[in-house]
Amino acid sequence: MRLSSSFLPTIKEIPSEAQIASHRLMLRAGLIRQTASGIYAWLPAGLRVLRNISEIVRQEQNAIGAQEILMPTLQSSDLWKKSGRYDAYGPEMLRIQDRHKHDLLYGPTNEEMITDLFGQIVKSYKELPQILYHIQWKFRDEIRPRFGVMRGREFLMKDAYSFDIDYDKAVITYYKMMLSYLRTFQRLGVKVIPMLADTGPIGGDLSHEFIILAPTGESGVFFDADFEEQDWLNMQIDSEDEKALANLFKQITQFYAATDEKHDKSRWDQIPQARRREGRGIEVGQIFYFGTKYTQSMDIAVIGSDGNKIYPHMGSYGIGVSRLVGAIIESSHDENGIIWPDSIAPFKACIINLGVKDEACVSICEKLHQIDPENFLYDDRDERAGSKFADADLMGHPWQIIVGPRSASKNKVEVKRRKTGERIELDVEEVANYISNYNDR
RNA sequence: CGGGGCGUGGCGCAGUCUGGCUAGCGCGCAUGUUUUGGGUACAUGAGGCCCCCGGUUCGAAUCCGGGCGCCCCGACCA
């Protein structure tokens, strides 16, 4: 993509309405524009990030056998009246009437709908287990939206729902999802710690919040440093091997990790000083086992081998996709702008042409652009060097390829790593390899 | 929902208290010159329902009434 003809409006001034870094940077880097309180339009760069995150989430869900569907944003109130949540949900739920005066709502979540859908289709225990998910916009009419997409009213979320024959199988599914989440977040390039969450009236230890570490996070977190060393992606765990999953879960939960509400001083004190990590975090996902709550209230059952009704045990598993964009920026930026993890950056690299009227510069840039025209952003604008650098830093491209008349005559360019600021001069032909083989230490 | 604040070219603001020249300033935008590796300098220019409706007045961005929108603090939340 060429910057000169793109819809990537960066702004120099700090927008007055934005209070926190991620919100300011998202507006300044041209990722989003607000259209109403807590509601945002996603511009090309922002949409690319959203899609990159979604794609990783999708791959890791598919990897554990979850199947993608797409449920609508608007739901009939009927199902919610059946489950009893229509009245319970309160003013957070956006209620709408159609022309026939039929009550509709903009879905804040999809347990009712998926349970009903499941019930229409699955009739026998032989068809279990099932894990279904979708990535869809939701709406919760927050009392006070704030912090940009971190606490918007409309938000993009991956929500998965599982159906198992009994508790023991449901637990296995829960473990699978835990593994999938750990892998997902690692691929997203962020440090996320699962922490025991409140399970409400259901009890047990089967709900975890996934917290991304960021200094401006909403809650304080305490965890064992050993957690940081885990490499989930390179752990060869077969997601069909129940024993391996159970072991993994044991291993994960043996590490201490808690938010300030659940912080246990006595357990904390047993951890060696050197391994104690304290910080702040933002919740970006939650997994939850809730048993037969909906299948029973909505009378959705399958027939068991003995011919009797069985109410499947369910779990639900959310990842706040749009919230992650803000949360990742909170945990990865500096005073100049965003620092995107490679895996989700809107563009892999930005080619900065400092000599748009210089033949050598132009031809080198064109050549570099061909390495990956879709994912290399080419700053071909006739602008000052300073503003190009400032924009590239602001937008947070992992790589900047700087092409100036000085070195272009020697067929050399400068490559800058956004994250570290390290720069290296390379022959034009070396750039593609250098970037694709680069490893962060 | 309680408390506070704001609404004036695309963005950030002044002007409002104390009504009155042609509604200003910085940034951005356009054109030209200049500059050319970290937001250059100068010149010229375009761009305004002063949030909306009603009222007071010879006259309203400014005063009064009503409405809408947005932001901040709190309680709440993925």
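Convention: sequence-line order gives letters A, B, ...; per-chain numbering from 1.
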Handout entry: Nearest-Å distance once atom P is located in both B:C76 and B:G67
Key = 30 Å
Exercise for the section: Looking at every strand, decide which applies to A:A36 at a 4.0 Å heavy-atom threshold: base, sugar-phosphate, or nothing. Expected result: sugar-phosphate
Practice task
Mark yes or no: A:R95 above the aromatic ring of A:Y86, with NZ or CZ under 6.0 Å from the six-membered ring centre and no more than 45 degrees from the axis.
Solution key: yes
Exercise for the section: Using a heavy-atom cut-off of under 4.0 Å over every strand shown, decide if A:K416 touches base, sugar-phosphate, or nothing. Expected result: base
Practice task
Classify the nucleic acid contact of A:R33 as base, sugar-phosphate or nothing, counting any heavy atom under 4.0 Å across all strands shown.
Solution key: nothing
Handout entry: B:G20 versus B:G26 - spacing of their P atoms, nearest Å
Key = 23 Å
Exercise for the section: Mind checking A:E209 for me? I need base, sugar-phosphate or nothing, with any heavy atom below 4.0 Å counting as a touch. Expected result: nothing
Handout entry: Residue whose nearest RNA chain B nucleotide is more 5′ - A:F147 or A:E414
Key = A:E414
Practice task
Can you tell me, in whole Å, how much space there is between the P of B:U62 and that of B:U56?
Solution key: 15 Å
Problem - Counter-base of B:A61, judged by Watson-Crick or G-U geometry with both distances under 3.5 Å - result: none
Practice task
Quickly work out the A:R144 CZ to B:G4 C1' distance and round it to whole Å.
Solution key: 11 Å
Problem - Interatomic distance where NE2 belongs to A:H23 and P belongs to B:C11 [whole Å] - result: 14 Å
Exercise for the section: Quick one: label A:I11 by what it contacts on the DNA or RNA (base, sugar-phosphate, nothing), any heavy atom closer than 4.0 Å. Expected result: nothing
Exercise for the section: Provide the distance between the two P atoms, one in B:A60 and one in B:C21, to the nearest whole Å. Expected result: 11 Å
Handout entry: Identified side-chain hydrogen bond (donor to acceptor under 3.5 Å, both in side chains) counterpart of A:R418 within the set A:N336, A:D334, A:D342
Key = A:D334
Practice task
Return yes if the base of B:C76 and the side-chain atoms of A:R151 contain a donor-acceptor N/O pair under 3.5 Å, otherwise no.
Solution key: yes
Practice task
Report the distance from atom CZ of A:F389 to atom P of B:G37, rounded to the nearest whole Å.
Solution key: 9 Å
Handout entry: Separation of atom CG in A:D382 from atom P in B:G32, rounded to whole Å
Key = 11 Å
Completion exercise
Taken to the nearest whole Å, CZ/A:R384 to C1'/B:G28 is 17 Å
Practice task
Taking atom P in both B:G47 and B:C68, compute the distance separating them and give it to the nearest angstrom.
Solution key: 34 Å
Exercise for the section: Report yes if a side-chain nitrogen or oxygen of A:K12 is closer than 4.0 Å to either non-bridging phosphate oxygen (OP1 or OP2) of B:G28; otherwise report no. Expected result: yes
Practice task
Quick one: look up who B:C42 pairs with, Watson-Crick or G-U, both distances under 3.5 Å, and put none if it's unpaired.
Solution key: B:G32
Exercise for the section: Tell me what A:G152 touches on the nucleic acid: a base, only sugar-phosphate, or nothing, going by heavy atoms under 4.0 Å. Expected result: base
Handout entry: B:C64 to B:C73 separation - P atoms, rounded to the nearest Å
Key = 29 Å
Problem - Separation of the P atoms in B:C51 and B:G7, to the nearest angstrom - result: 8 Å
Practice task
Would you indicate what A:S407 reaches in the nucleic acid, counting non-hydrogen atoms under 4.0 angstrom: base, sugar-phosphate, or nothing?
Solution key: base
Exercise for the section: Sticking with atom P, work out how far B:A61 lies from B:G4, rounded to a whole angstrom. Expected result: 29 Å
Practice task
Can you figure out which of B:G39, B:C73, B:G37 approaches the side chain of A:R423 most closely?
Solution key: B:G37
Handout entry: Flag side-chain contact, heavy atom, 4.5 Å: A:R417 against A:P398
Key = yes
Exercise for the section: Could you label the plane-to-plane angle of the A:W399 and A:Y434 rings as parallel, tilted or perpendicular, counting under 30° as parallel and over 60° as perpendicular? Expected result: perpendicular
Exercise for the section: Give the nucleotide from the list B:G39, B:A78, B:G26 with an atom nearest to the side chain of A:R28. Expected result: B:G39
Practice task
Give one of base, sugar-phosphate or nothing for A:G318, where a contact means two heavy atoms less than 4.0 Å apart.
Solution key: nothing
Exercise for the section: Specify the separation, in whole Å, of atom CD of A:E17 and atom C1' of B:C70. Expected result: 8 Å
Practice task
Please work out whether the ring planes of A:Y167 and A:H313 are parallel, tilted or perpendicular, with thresholds of 30° and 60°.
Solution key: perpendicular
Exercise for the section: Please determine, for B:C68, whether a Watson-Crick or G-U wobble partner exists with both distances under 3.5 Å, and give it or none. Expected result: B:G7
Handout entry: Side-chain N,O (A:S16) to OP1/OP2 (B:C13) below 4.0 Å
Key = yes
Practice task
Apply the side-chain contact (heavy atoms from CB on, under 4.5 Å) test between A:L8 and each candidate in A:L31, A:L3, A:L43; give the one that qualifies.
Solution key: A:L3
Handout entry: A:K367 side chain near A:V428 side chain, heavy-atom distance below 4.5 Å
Key = yes
Problem - Pair partner, B:G74 [Watson-Crick or wobble, under 3.5 Å] - result: B:C1
Handout entry: B:U16: pairing nucleotide in any strand, Watson-Crick or G-U under 3.5 angstrom
Key = none
Handout entry: Nearest-angstrom distance from the residue atom CZ of A:R146 to C1' of B:C1
Key = 13 Å
Problem - Sugar-phosphate only, base, or nothing, as touched by A:I282 at under 4.0 Å among non-hydrogen atoms - result: nothing
Fill in the blank from the handout: Between A:R381 and A:Q19, the residue closer to the 5' end of RNA chain B by nearest nucleotide is A:R381
Problem - Between P of B:G38 and CG of A:L354, the distance in whole Å - result: 9 Å
Exercise for the section: Run the numbers on A:E218 and A:R323 for salt bridge (charged side-chain N to carboxylate O under 4.0 Å, His left out), then give the verdict. Expected result: CA-CA 13 Å; A:E218 65 225 339; A:R323 172 176 246 212; 3.5 Å; yes
Practice task
Have a look at A:E142 and say if it touches a base, only the backbone sugar-phosphate, or nothing, with a 4.0 Å heavy-atom cut-off.
Solution key: base
